[in-house]
Trainee: 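One structure follows; several queries about it will come next.
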Amino acid sequence: MKKQFELDKAYDPAKYEGRIYKQWEQSGAFQPSSNPKAPAYTILMPPPNANDDLHLGHTLSTTIEDILIRYARMNGKAALFLPGSDHAGFETQVVFERKLNAKGKSRFDFSREELYRQIWDYVQANKSSMEDQQRHIGASADWTRETFTLDPHVIRRAYETFQKLYDDGLLYRGQRIVNYCTFHGTSFSDLEVTYQEDAGHLWHLRYPVEGSEEAIEVATTRPETMLGDTAVAVHPDDDHYQHLVGRMVRLPITNRLIPVVADTAVDPAFGTGAVKVTPAHDPTDFEIGERHNLPHIQIIGTDGKITVEAPAEFRGQTVAAARAAVVKALETADALIKTEDYTHSVGHCYKCGTVIEPLVIDQWLVRMKPLAADAMRAIEDGQVRIVPESKTRVLATWLENIRDWNISRQIVWGIRIPAFFSEDGDIVIDIHEQSDTLIRHGKTYRRDSDTFDTWFSSGQWPLATLKFPSPDSQRFYPTSVMETGADIIFFWVARMIMLGLYVTGEVPFRTVYLHGLVLDPHGKKMSKSKGNVIAPQPLIEKYGADAMRLGLIANRTAGMNQGFEEKRVEGYRNFCNKLWNVARFTLAQLPDDYSPTRPEPKTPADAWMLARVNDTVREVTKAIDDYRFSEAGQLIYSLLWDDFADWYIEASKVEQNPNILYHTLSTILTILHPMAPFVTEAIWEAMPAKDGQLIAAPWPQAVKPSSELLRHAAEFDALKAVVQAVRTITAEEQLAKPTILTTDTTLAKSSELITRLARAAELKHAEQGSGLYLSTTTPAWIAATPEQVGARKHRLEQQRAEKQAYLESLAARLANEAYVKSAPAQVVQDTRDRREETLMLLSKLNEQLAALEH
RNA sequence: GGGCAAUUAGCUCAGCUGGUUAGAGCGCACGGUUCACAUCCGUGAGGUCACAGGUUCGAGUCCUGUAUUGCCCACCA
């Protein structure tokens, strides 16, 4: 009885993917092997923000991670792919507030607890849909270890590191100027501010020098800040102002007296060479203020309005209104010299675009220099390898110029900072206290209302997910590969390295693989505001997860941004279907009670197929080891389609060898599995004599092929070329004059197979051949007209003559060396390994030449 | 202002340490009702590898310079 194959005519992904994923998960295949001898291989999923659907970037990221994990698993590693999701502090609060606004509410309508609870519920709902999407892609992640960035152990990790930084003196409470968004009501790190060129004005102001007829002219783009000026600064070497340093000027409008100070931060060549100094509202001025002990007068509040520190007439006004009012007042006071148009770069909130207000607030800051120094050493020592390598330098440069890190955020959604303040300014860190107040030594302390910058906790992701210190961290830390977007190298990768080293003394991962952005089809960055975001889910439904995975990694290299092409996904859908049909054919050929045995090549085609499979296994293995996924995919594509389907299966229609068919299909399924897990597993199930799941099958090993096999295989290469050549001959006159020019005897031996192949292709005149020429210098046969053959021969002879002339000239210099005399002849005779031979000879000649010259 | 990357076929891109005639997918042209597959089969056209020098027996690949594009960082009173 013929075995029944229930494979449909075309592969329908929807019919298999859900069931197969469930089957993998339930079988425990996603959990790392408990075999203590299996070396650990770990990838932590960069936790996607739990506030939105996944986009193509996530799909790419998860695909690459999953390829590496499946590959490692098949290579016998204890492979752990640990998934998670990110509460994404500020980002999520912004998304949520937008939803509130849509309902006509705002965050101020709720208490802190209520707001937190609502965001929590929203995130939980989103989180589970996001996990489903990761499953649809085929992520072979260990969901039993899934981590959310607000899990208790993640919070504990952040707290313990906070405490350690505090104890080590690396954390300080700083009156520091920070980037403040008055719309979102929080401060930002430098990385979260985007600068853009804005058209503005430059106002020239006159500050009269006290007790003199002189006045100093200063220029500013922000005249309203003059209300908070506490000095005028000039360069110490600037001759124009030497005599004024140390004197006082009278600030217009407020009539306060402020000093003239000398500071190198001033560029004497810019404008008048004198600047007004507002320490409370400008980063540079703040630093000048520190150096000269200038007071801070905060005239702009966190609400973006003028404070009580300013004269009464301006209080409560917005910055924009105050600017106009101050300019008017200056004019009245005859302190405005002139106004000119001026375009300059202004910091904006990366989220809402509001102009960033530099404000002095109490924040927690981390001293980064010592942490960065250790990280730099680790990178220099090669403890962390970055793919692509070029990003290593980018990272090192950033670390060199690192600035202290403001980790306080004035938002609700996040991890509360475990610091407590008393009325009189005492600080207590207590990472165990749950409540908002604390009593110590009879004093009452109130908890810091701020939360951590989300990167402070996610910067400890490797420690948090593996619950350092724990058996898991013992086994899986340092992790193997950190795969993430090139755009968050500073935000995340750098901080993980620094914090990982700081807490454990070891780098958190051995390799960083950075992928580029997935751009839209026109090469533009995808963004919600532009409305050019492509959702992965509909594409997965249309083409299948495997096609999606293959289509995304194809044509892509590490660190490079690249456009998304749906056509490519479609192409890989076709590829999956091709595989499916190759499997249908193969399985239909196998005898009823087939059980595979060692594949023995009987024909040149068999030998060739075995050699091709073996070569491809070796090349694919190397490509994945080198993180060249696109190339690995292309190699398998070509093996399946160009070699197996187009040649071997065609030849099989004449004469077949079930073992070779089976072996080839089985190997292709195995090496393709990391990239296209579903279709390969689905076919694997239909294969006779396969017990376990493909996900747990071992990775094939390439062997060194015997010379016997290679010679045998080369015959088929020649045959292929003949058939191909014959196919091209369609013109009647070419068929009328049949000749085969050949210098290769293998062809004659194999004429029988040529005839059979040709017949399979219904090329009845093939046995006569026609206008063919076999080059002895290359394995390629070419069909050509006599003119083309002639031209070709001429070219080859020229090339040979050139090479020979060179070698003869070399040899002539070594005329008395016997070996060298015979060398040129050898070179031209050997046509197969010309390159190796030539190189070898050249190096020998060079050695001898060097020896003679001494 | 500083740094990084890119420039290869009509389009999107590969091309690892320099080495036979520079590749793929898509698109295009021509021809196919081959019983695994029209999500298919066969054939073909199309490239002075941005430009100019240099190193080498040999350069898409290494070096120098130029041009164009993109990204990142810093500063701007």
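Values below: all heavy atoms of this structure, side chains included; hydrogens, waters and symmetry mates excluded. Every chain is numbered from 1 and lettered A, B, ... according to where its sequence line falls, protein lines coming before strand lines.
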Trainee: Using a heavy-atom cut-off of 4.0 Å across all strands, would you classify A/N401 as base, sugar-phosphate, or nothing?
Mentor: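 Answer is nothing: A/N401 stays at 4.0 Å or more from every strand.
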Trainee: So if I take every side-chain heavy atom of A/R584 and compare against B/rC37, B/rA14, B/rC73, which nucleotide ends up nearest?
Mentor: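 Nucleotide nearest to A/R584's side chain: B/rC37.
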Trainee: Contact class for A/T220 vs. all strands (heavy atom < 4.0 Å): base, sugar-phosphate, or nothing?
Mentor: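 The answer is sugar-phosphate, as A/T220 gets under 4.0 Å only of primed atoms, P, OP1 or OP2.
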Trainee: What is the distance, to the nearest angstrom, from the CG atom on A/L517 to the C1' atom on B/rU12?
Mentor: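 So the CG-C1' distance, A/L517 to B/rU12, works out to 17 Å.
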Trainee: Report yes if at least one side-chain N or O of A/R403 is closer than 4.0 Å to OP1 or OP2 of B/rC75; otherwise report no.
Mentor: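 The answer is yes; a side-chain N or O of A/R403 sits under 4.0 Å from OP1 or OP2.
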Trainee: May I ask which nucleotide in the shown strands pairs with B/rC62, Watson-Crick or G-U wobble, both distances under 3.5 Å?
Mentor: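 Checking every strand shown, B/rC62 finds its partner in B/rG54, with both distances under 3.5 Å.
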Trainee: Nearest whole Å is fine: how far is B/rA5 C1' from A/K391 NZ?
Mentor: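 Answer to the nearest Å: 7 Å.
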Trainee: At 4.0 Å (heavy atoms only), tell me whether A/I649 reaches a base, stays on the sugar-phosphate, or touches nothing.
Mentor: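 Base, at least one base atom sits under 4.0 Å.
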Trainee: Name the closest nucleotide to the A/E631 side chain, picking from B/rG15, B/rC41, B/rC4.
Mentor: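 Among B/rG15, B/rC41, B/rC4, the one nearest the side chain of A/E631 is B/rG15.
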Trainee: Quick one: is A/K567 getting a side-chain N or O under 4.0 Å of the B/rG27 phosphate, OP1 or OP2?
Mentor: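 A/K567 to B/rG27 OP1/OP2: side-chain N or O found under 4.0 Å.
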Trainee: Please tell me which of the listed nucleotides, B/rG25, B/rU39, B/rC4, lies nearest to the side chain of A/E565?
Mentor: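 Of all the options, the side chain of A/E565 is nearest to B/rG25.
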Trainee: Suppose you measure atom C1' in B/rU21 against the same atom in B/rG15; what distance do you get, rounded to whole Å?
Mentor: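 B/rU21 and B/rG15 have their C1' atoms separated by 16 Å.
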Trainee: Figure out the CZ/P separation between A/R568 and B/rC26, and round it to whole Å.
Mentor: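 For the pair A/R568 CZ and B/rC26 P, the rounded distance is 9 Å.
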Trainee: Using atom C1' in both nucleotides, what's the gap between B/rU20 and B/rC57 to the nearest angstrom?
Mentor: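 After rounding to an integer number of Å, I get 15 Å for this pair.
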Trainee: Checking A/T586 against A/Q589: is there a side-chain donor and acceptor pair closer than 3.5 Å?
Mentor: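 Distance-only check fails for A/Q589 and A/T586.
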Trainee: Locate the shortest heavy-atom distance separating A/Y513 from A/T557; write the atom from each residue and the value.
Mentor: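 Closest pair (atom of A/Y513, atom of A/T557, distance): OH-C, 4.4 Å.
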Trainee: Is there a Watson-Crick or G-U wobble partner for B/rC16 with both distances under 3.5 Å, and if so, which one is it?
Mentor: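 With both distances under 3.5 Å required, B/rC16 matches none.
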Trainee: What's the closest nucleotide to the side chain of A/D646 if the choices are B/rC13, B/rA36, B/rC41?
Mentor: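 Looking only at side-chain atoms, A/D646 lies closest to B/rC41.
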Trainee: What integer number of Å spans the P atoms of B/rG1 and B/rA22?
Mentor: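 To the nearest whole Å, 42 Å.
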Trainee: Whom does B/rC35 pair with, Watson-Crick or G-U wobble, provided both distances fall under 3.5 Å?
Mentor: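 Its partner is none (no Watson-Crick or G-U wobble pair with both distances under 3.5 Å).
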Trainee: Base, sugar-phosphate or nothing for A/V218? Non-hydrogen atoms, less than 4.0 Å.
Mentor: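 Result for A/V218 = nothing.
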Trainee: Provide the distance between the two P atoms, one in B/rA5 and one in B/rG65, to the nearest whole Å.
Mentor: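 It works out to 14 Å between them.
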Trainee: By the definition side-chain contact (heavy atoms from CB on, under 4.5 Å), identify the one residue from A/N581, A/D546, A/L579, A/I683 that meets it with A/Y11.
Mentor: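 Looking at A/N581, A/D546, A/L579, A/I683, the match for A/Y11 under the side-chain contact (heavy atoms from CB on, under 4.5 Å) is A/D546.
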Trainee: In terms of side-chain heavy atoms, does A/H201 have a donor or acceptor partner in A/D341 at a distance below 3.5 Å?
Mentor: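 Distance-only check passes for A/H201 and A/D341.
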Trainee: Which nucleotide, in any strand shown, forms a Watson-Crick or G-U wobble pair with B/rC26, with both distances under 3.5 Å?
Mentor: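 Check on B/rC26: paired to B/rG10, both distances under 3.5 Å.
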Trainee: When all nucleic acid strands are considered with a 4.0 Å heavy-atom cut-off, which category describes A/W203: base, sugar-phosphate, or nothing?
Mentor: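 No contact.
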Trainee: How close or far is atom P of B/rC71 from atom CD of A/Q196, stated in whole angstroms?
Mentor: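 Result: 14 Å.
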Trainee: How would you label the contact of A/V277 with the nucleic acid (heavy atoms, under 4.0 Å): base, sugar-phosphate, or nothing?
Mentor: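 Counting heavy atoms under 4.0 Å across all strands, no contact is made by A/V277.
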Trainee: The side chain of A/K578 is closest to which nucleotide in this list: B/rG15, B/rC37, B/rU39?
Mentor: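 Output: B/rC37.
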Trainee: Please find the pair of heavy atoms, one from A/T272 and one from A/V218, that lie closest to each other, and give the distance.
Mentor: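 Between these two residues, the closest heavy atoms are OG1-CA, 4.1 Å.
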Trainee: Name the residue closer to the 5' end of RNA chain B, choosing between A/F490 and A/R222 according to the nucleotide with the nearest heavy atom.
Mentor: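 Nearest nucleotide further toward 5': that of A/F490.
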Trainee: How many Å lie between CG on A/D626 and C1' on B/rA14, as a whole number?
Mentor: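 Answer to the nearest Å: 15 Å.
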Trainee: Does B/rG3 have OP1 or OP2 sitting under 4.0 Å from an N or O in the side chain of A/W398?
Mentor: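 No, no such contact exists.
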Trainee: Judged by each residue's nearest nucleotide on RNA chain B, which is more toward the 5′ side, A/S390 or A/N561?
Mentor: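 Its nearest nucleotide being more 5', the pick is A/S390.
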Trainee: Can you check whether any acceptor in the base of B/rC37 is under 3.5 Å from a donor in the side chain of A/K9, or vice versa?
Mentor: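 No, no donor-acceptor pair under 3.5 Å.
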Trainee: What is the distance from CE of A/M560 to P of B/rC71, rounded to the nearest Å?
Mentor: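 My rounded result for the distance is 13 Å.
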Trainee: Using a 4.0 Å heavy-atom cut-off, does A/A645 contact any base of the nucleic acid, only the sugar-phosphate backbone, or nothing at all?
Mentor: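 Base: the residue A/A645, judged by heavy atoms under 4.0 Å, touches a nucleobase.
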Trainee: Please classify the nucleic acid contact of A/R628 as base, sugar-phosphate, or nothing, using heavy-atom distances under 4.0 Å.
Mentor: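 A/R628: base contact, heavy atoms under 4.0 Å.
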Trainee: What's the gap between B/rA14 and B/rC49 when it is taken at their C1' atoms, as a whole Å value?
Mentor: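 The same atom, C1', in both gives a distance of 13 Å.
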Trainee: Indicate whether OP1 or OP2 belonging to B/rC37 is found under 4.0 Å from a side-chain N or O atom of A/N574.
Mentor: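 Indeed not, no polar side-chain atom of A/N574 lies that close.
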Trainee: Starting at atom NZ of A/K525, determine the distance to atom C1' of B/rC72, rounded to an integer number of angstrom.
Mentor: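 To the nearest whole Å, that distance equals 11 Å.
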Trainee: Determine the Euclidean distance between corresponding C1' atoms of B/rC16 and B/rA74; express it in Å to zero decimal places.
Mentor: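 Here B/rA74 and B/rC16 have their C1' atoms 35 Å from each other.
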Trainee: Just call it for A/Y342: base, sugar-phosphate, or nothing, with non-hydrogen atoms closer than 4.0 Å on any strand.
Mentor: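 It contacts sugar-phosphate atoms only.
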Trainee: For a quick check of understanding: with a heavy-atom distance under 4.0 Å over all strands, which category does A/S638 fall into, base, sugar-phosphate or nothing?
Mentor: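 Nothing: the residue A/S638, judged by heavy atoms under 4.0 Å, touches no strand.
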Trainee: Checking side-chain contact (heavy atoms from CB on, under 4.5 Å) against A/L56, which of A/V518, A/D520, A/L519 comes through?
Mentor: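 In the set A/V518, A/D520, A/L519, the residue that makes a side-chain contact (heavy atoms from CB on, under 4.5 Å) with A/L56 is A/V518.
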Trainee: Taking atom P of B/rC13 as reference, at what distance in whole Å does atom OH of A/Y637 sit?
Mentor: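 One finds 19 Å between P of B/rC13 and OH of A/Y637, rounded.
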Trainee: So what's B/rA45 paired with, Watson-Crick or G-U wobble, going by both distances under 3.5 Å?
Mentor: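 The base-pairing partner of B/rA45, which may sit in any strand shown, does not exist here.
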Trainee: What interatomic distance, in whole Å, is found between C1' of B/rC51 and the corresponding atom of B/rC30?
Mentor: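 Taking atom C1' in both B/rC30 and B/rC51, they lie 37 Å apart.
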Trainee: May I have the step-by-step check of side-chain hydrogen bond (donor to acceptor under 3.5 Å, both in side chains) for A/T278 and A/D282, ending in yes or no?
Mentor: CA-CA 6 Å; A/T278 322; A/D282 182 276; over 6 Å; no
Trainee: State whether the distance check finds a donor on one side and an acceptor on the other, under 3.5 Å, for side chain A/Q562 versus base B/rA6.
Mentor: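 Looking at the base of B/rA6, it does not pair with any donor or acceptor on the side chain of A/Q562 (distance under 3.5 Å).
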Trainee: Both distances below 3.5 Å, Watson-Crick or wobble geometry, any strand: find the nucleotide opposite B/rC4.
Mentor: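 WC or wobble partner is B/rG70.
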Trainee: May I ask you to check whether A/Y543 and A/Y572 place their ring centers less than 6.0 Å from one another?
Mentor: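 When the ring centroids of A/Y543 and A/Y572 are compared, they turn out to be at least 6.0 Å apart.
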Trainee: On a whole-Å scale, what distance lies between the C1' atoms belonging to B/rA24 and B/rG18?
Mentor: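 One C1' to the other, the span is 23 Å.
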Trainee: Is A/T397 close enough to B/rG3 that one of its side-chain N or O atoms is under 4.0 Å from OP1 or OP2 there?
Mentor: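 A/T397 to B/rG3 OP1/OP2: no side-chain N or O under 4.0 Å.
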Trainee: Which nucleotide wins on minimum distance to the side chain of A/Q634, given the candidates B/rC37, B/rA24, B/rC72?
Mentor: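 For the A/Q634 side chain, the nearest candidate turns out to be B/rA24.
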Trainee: Under 4.0 Å, heavy atoms only, any strand: does A/T557 hit a base, just the sugar-phosphate, or nothing?
Mentor: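 Sugar-phosphate, backbone atoms only, no base.
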Trainee: For A/R618, is there an ion pair with A/D615 - N to carboxylate O distance below 4.0 angstrom?
Mentor: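 Salt bridge flag = yes for A/R618 with A/D615.
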Trainee: Just verifying a value: how many Å separate A/R291 CZ and A/T264 OG1, rounded to the nearest 0.5 Å?
Mentor: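 That separation rounds to 5.5 Å.
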